[in-house]
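Counting starts at 1 for both ligands and their atoms, following the listed order. Heavy-atom basis, side chains included; hydrogens, waters and symmetry copies ignored.
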Amino acid sequence: MELVNHLEDRLLFAVPKKGRLQAATLDLLSGSDIQFRREARLDIALVKNLPIALIFLPAADIPTFVGEGRVDLGITGRDQVAEHDAKLPFGQPSTVEEVMDLGFGDCRLQVQVPERGDLNEPSQLTGKKIVTSFTGLTEDYFAKLEGIAGGRKESINNTASPVPNLKTQIRFVGGSVEAACALGVADGIVDLVESGETMKAAGLKAIATVVESTAVLIKSKQSANVKLVDLIAARIRGVITAQKYILCHYNVPRSKLAHATDITPGKRAPTITALEESEWVAVSSMVEKKEIATVMDRLTAVGATDILVLEIANSRTG
Ligand SMILES: Nc1ncnc2c1ncn2[C@@H]1O[C@H](COP(=O)(O)OP(=O)(O)OP(=O)(O)O)[C@@H](O)[C@H]1O
Ligand SMILES: O=P(O)(O)OC[C@H]1O[C@H](OP(=O)(O)OP(=O)(O)O)[C@H](O)[C@@H]1O
Ligand SMILES: [Mg+2]
């Protein structure tokens with residue numbers, strides 16, 4: 001069956017086919033009940049229970065397919081969206097809209113130089129050799145350092161030309177960028193940093209951050225299927241909320257209720273129910289997972305008892 005012939009009446013949703021964003025993305029799709037089976041070697045999968053087709057692409061290519069093609073939704077890094085937009089001809093507005101931060105894939109695009117060396121400021125790199133996978137963002141960064149206003153000019157087939165008159169020599173490398181300095185190809189690099197392991201192992205240090213990044217849900221500004229886009233966005237938002245929060249139940253003397261609800265104000269407001277014992281109330285409130293240990297300590301300190309913590313399987317934030 002030629003899958004490409006079955007895309008017409010479907011919302012197209014681009015997701016990372018590999019790399020660091022793939023696993024968490026598949027979890028989000030599963031939590032959103034987007035059911036599919038991906039055939040080996042195929043980059044398209046028809047969703048079984050919704051009029052959607054998943055398109056598996058490298059994260060770096062997803063902003064292009066969403067912004068300039070027929071793809072309605074995408075999941076990629078904010079750095080990749082910024083890189084796509086940086087390459088648009090000067091003054092052309094972005095064709096991609098960010099719907100929400102997905103809460104994973106945090107990293108930073110940083111200017112890096114050899115640890116042992118006399119380069120410590122980005123301005124010392126102007127006019128020198130830089131290697132990166134993010135040439136758009138890097139050209140803009142060094143254009144600012146060199147005081148070049150105005151950015152790119154439109155060139156053939158609407159792909160922006162590099163920034164004119166830039167002294168800094170910026171070269172594209174697709175991967176393993178960290179080796180460029182040691183191999184004498186570059187004086188500095190602009191590359192992603194998450195844990196910093198790769199940078200340290202390559203004998204490099206970061207001297208500036210170009211952009212901070214996180215995984216984001218993006219949508220096309222010309223999608224015809226707004227209702228289904230909004231439905232999928234609501235499902236994904238619900239899954240993220242369920243991943244981020246837990247439900248905390250406890251009993252507390254009515255006289256201490258104000259102190260207790262200061263500790264657990266909830267996402268909107270806590271639910272309070274009276275207990276048979278008139279001087280006691282039961283409270284139920286959403287608490288961020290990362291806060292729950294100290295929240296339970298503080299609740300105990302103000303006299304709360306029977307504190308229960310429940311996982312949230314899914315949610316809709318309305
Ligand atoms: N340590 C990291 N290195 C690279 N990207 C990361 C990192 N942490 C998070 N990301 C995010 O993941 C996105 C895709 O990068 P990633 O390297 O995972 O994909 P890829 O390069 O296509 O896959 P691979 O590296 O397996 O070839 C980045 O644009 C960034 O937003
Ligand atoms: O700070 P860290 O946790 O070490 O992660 C950062 C490294 O990860 C990415 O490379 P990746 O592993 O994706 O290989 P690639 O360069 O081939 O994409 C990135 O290009 C850095 O090299
Ligand atoms: Mg990579």
Practice item. Check each heavy atom of Arg20 against ligand 1 and say whether those closer than 4.0 Å belong to the side chain, the backbone, both or neither. Key: both
Point to revise | Closest protein heavy atom to atom 14 (C) of ligand 1, given as residue, atom name and distance to 0.1 Å | key: Ala59 CB, 3.6 Å
Exercise for review: For Asn49 and Gln35, work out which heavy atoms get closest and say how close.
Suggested key: OD1-N, 3.1 Å
Review point. Which protein heavy atom lies closest to atom 3 (O) of ligand 2, and at what distance to 0.1 Å?
Key: Ser195 OG, 2.7 Å
Review point. Do any N or O atoms from the side chain of Asp72 and from the backbone of Leu12 form a donor-acceptor pair under 3.5 angstrom?
Key: yes
Check your understanding: Nearest to atom 4 (O) of ligand 2, what protein heavy atom do you find, and at what distance?
Key -> Thr198 OG1, 2.5 Å
**Study point:** Atom pair CZ/CG of Phe13 and Leu50 - distance to nearest 0.5 Å
**Key:** 11.0 Å
Review point. Using a heavy-atom cut-off of under 4.0 Å, does the side chain or the backbone of Met199 touch ligand 2, or both, or neither?
Key: neither
**Study point:** Heavy-atom nearest neighbour in the protein, as seen from atom 4 (C) of ligand 1, with distance rounded to 0.1 Å
**Key:** Leu192 CD1, 3.5 Å
Check your understanding: For atom 13 (O) of ligand 2, which candidate among Arg20, Gln112, Lys18 provides the closest heavy atom?
Key -> Arg20
Practice item. Among Val190, Ile170, Ile130, find the residue that satisfies the side chain to side chain contact (heavy atoms under 4.5 Å, CB included) test when tested with Glu139. Key: Ile170
Practice item. Between Pro58 and ligand 1, find which residue part has any heavy-atom pair under 4.0 Å and reply side chain, backbone, both or neither. Key: neither
Point to revise | atom 12 (O) of ligand 1: the protein heavy-atom neighbour that sits closest, reported with distance to 0.1 Å | key: Leu21 CG, 3.4 Å
Check your understanding: Looking at atom 31 (O) of ligand 1, what's its closest protein heavy atom, distance included?
Key -> Asp79 OD1, 2.8 Å
Exercise for review: Please check if a non-hydrogen protein atom sits closer than 4.0 Å to atom 21 (O) of ligand 1.
Suggested key: no
Practice item. Give the contacting part of Asp191 toward ligand 2: side chain, backbone, both or neither, where contact means a heavy-atom distance below 4.0 Å. Key: side chain
Exercise for review: Around atom 19 (O) of ligand 1, find the nearest protein heavy atom and jot down its residue, atom name and distance.
Suggested key: Gly19 CA, 4.1 Å
Review point. Taking atom 1 (N) of ligand 1 as the point of reference, which of Lys18, Glu194, Glu197 owns the nearest heavy atom?
Key: Glu194
Practice item. Going by heavy-atom distance to atom 17 (O) of ligand 2, choose the closest among Gly19, Gly196, Ser133, Ser176. Key: Ser176
Study note, to complete from the structure: If we number the atoms of ligand 1 from 1 as shown, the ones under 4.0 Å from a heavy atom of Ser213 are 31 (O)
Study note, to complete from the structure: for atom 10 (N) of ligand 1, nearest protein heavy atom and its distance come out as Cys107 SG, 3.8 Å
Point to revise | Numbering as shown, the atoms of ligand 1 that approach Gly77 to under 4.0 Å (heavy-atom distance) | key: 31 (O)
